[in-house]
Amino acid sequence: MTEPLFKRISIVGVGLLGGSIGMAALERHLCEEVVGIGRTLTSLQEAERQGAISRGTVSLTDGIAGADLIILCTPVRRIIEILPEIVAAAPGGAIITDVGSTKATICQRGDDLTRGTEKYFIGSHPMAGSEKSGVRFARPRLFEESTCFVTRTAETNTEAFAKVTALWHALGSRIVVSRPERHDRLTAIISHLPHLAAVALIRAVQNFNEDRNLIRGIIGNGFRDTTRIAAGNTEMWEDICMDNLQEIAGARHVLEQSLAELMEACNPNSQCDKLHTMLEQAREFREFLDLRKEV
């Protein structure tokens with residue numbers, strides 16, 4: 001039997017992502033033990049019943065004692081807040097990573113706090129999940145065929161980076177190595193702005209002054225698919241949008257320009273084939289984006 005990657009993994013925040021990591025790590029024997037750290041014993045007991053953790057505690061200090069890997073699975077703001085306490089309490093040699101959807105602020109904080117210590121921070125962002133939240137929705141195969149960013153900075157420890165990368169690979173993820181700032185630019189256009197666009201579309205329909213029961217009765221799959229992500233965790237998305245505002249603003253400009261060009265092409269006085277060309281180019285690119293699913 002092969003040696004597990006880690007002896008003890010401590011997961012701070014055992015929700016959808018944290019619970020799924022714990023389930024997969026235990027099922028695939030990637031560690032000997034998973035300790036869950038949460039706010040209430042009730043939620044931790046549920047996580048233990050579901051096989052997401054070996055045991056749970058509400059004490060951050062007790063929960064990370066003896067851990068060789070600590071994974072922060074809380075909203076972005078909370079990750080930034082608790083990093084000083086995590087680094088201070090973590091044992092020597094421990095690796096700290098996270099699942100936050102923004103990386104520049106978190107990685108800078110992690111590097112600053114671990115500099116000159118025998119503790120290591122590696123930023124991660126698995127592009128997996130759902131609009132659902134909570135450990136009851138966790139599943140061990142959540143990360144299979146998904147993408148996971150693992151970040152590098154000038155201070156990244158090579159061995160720690162390799163172990164974190166190996167973890168996500170073992171969970172079934174495709175690895176993308178990126179600088180934290182580039183990660184934030186990319187996710188602004190492919191994840192953060194789409195979420196805000198879905199919220200904006202929902203709000204536009206709300207403000208359309210039509211009967212809400214009528215709207216519910218007539219919407220089809222196109223509207224449901226386009227706006228599904230607007231049902232995501234409010235606290236999590238508030239943190240993401242505020243922390244990555246600059247990059248989202250840049251992506252917004254590109255989107256607004258694209259929408260303005262489409263509306264102009266809809267004008268009867270526009271070139272007769274301009275709208276057709278734009279729609280066809282978008283259709284072809286959308287089909288290209290799905291090609292990897294067929295390989």
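Keep in mind that what you see is a predicted model, and the values were worked out from it rather than measured.
Looking at heavy atoms from C-beta onward, I106 lies out of side-chain contact with T151 at the 4.5 angstrom threshold. Residues I215 and F208 are not in side-chain contact: their nearest non-hydrogen atoms beyond the backbone lie 4.5 Å or more apart. Side-chain atoms of I70 and F121, non-hydrogen and from C-beta on, never get closer than 4.5 Å to each other. At least one side-chain heavy atom of F149 sits less than 4.5 Å from a side-chain heavy atom of T187. Two residues are said to be in side-chain contact when any heavy atoms from C-beta on lie closer than 4.5 Å; L196 and C241 meet this criterion. Looking only at side-chain heavy atoms (C-beta outward), P180 and Q108 stay at 4.5 Å or farther from each other. Side-chain atoms of L113 and I96, non-hydrogen and from C-beta on, never get closer than 4.5 Å to each other.
To the nearest 0.5 angstrom, L26 atom CG is 11.5 Å from R28 atom CZ. One distance of note links CG of L186 with OG1 of T147; it measures 11.0 Å at 0.5 Å rounding. In this structure, the separation between NE2 on H195 and CG on L193 is 11.0 Å, given to the nearest 0.5 Å. Considering CZ of R228 and OG1 of T226, their distance stands at 10.0 Å, rounded to 0.5 Å. Taking CZ of R252 as the reference point, atom CD of Q257 lies at 13.5 Å (rounded to 0.5 Å). A distance of 14.5 Å separates CG of N157 from NZ of K119, quoted to the nearest 0.5 Å.
Ionic pairing of R286 and D290 is present here: one or more N-O contacts between side-chain nitrogen and carboxylate oxygen are shorter than 4.0 angstrom. For R139 and E144, the salt-bridge test fails: no basic side-chain N is under 4.0 Å from an acidic carboxylate O. Taking a cutoff of 4.0 Å between a charged side-chain nitrogen and a carboxylate oxygen, R136 and E46 do not qualify as a salt bridge. Between E145 and R174 there is a salt bridge, with a side-chain nitrogen of the basic residue lying less than 4.0 Å from a carboxylate oxygen of the acidic one. Residues E159 and K163 are not paired through a salt bridge, judged by the lack of any N-O separation under 4.0 Å between the basic side chain and the carboxylate. The pair E33-R8 meets the salt-bridge criterion, since a charged nitrogen lies less than 4.0 angstrom from a carboxylate oxygen.
Taking R185 as the reference, nothing meets the salt bridge (Lys or Arg N to Asp or Glu O under 4.0 Å) condition, with sequence neighbours excluded.
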Taking only distance into account, with no hydrogens and no angle test, what donor-acceptor pairs under 3.5 Å do side-chain atoms of residues 73-93 form with protein atoms, sequence neighbours excluded?
unit_1: T74; atom_1: OG1; unit_2: I79; atom_2: N; d: 3.3
unit_1: R77; atom_1: NE; unit_2: D239; atom_2: OD1; d: 3.1
unit_1: R77; atom_1: NH2; unit_2: D239; atom_2: OD1; d: 3.0

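Proximity of a side-chain donor or acceptor of S146 to a complementary backbone N or O of F143 within less than 3.5 Å is detected. Using a distance-only test at 3.5 Å, with no hydrogens or angles considered, no donor-acceptor pair links the side chain of D68 to the main chain of F6.
Cluster annotation: I95 and L72 are assigned to distinct hydrophobic clusters (Ile/Leu/Val/Met/Phe/Trp/Tyr, side-chain heavy-atom contacts under 4.5 Å, transitive).
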Step-by-step side-chain hydrogen bond (donor to acceptor under 3.5 Å, both in side chains) determination, T153 to D111: CA-CA 8 Å; T153 72; D111 281 352; 2.7 Å; yes
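Side-chain contact check for D243 and T105: at least one donor-acceptor pair (N or O, by modelled atom type) lies under 3.5 Å.
Checking K103, E247, H125 one by one against H183, the side-chain hydrogen bond (donor to acceptor under 3.5 Å, both in side chains) holds for a single residue, H125.
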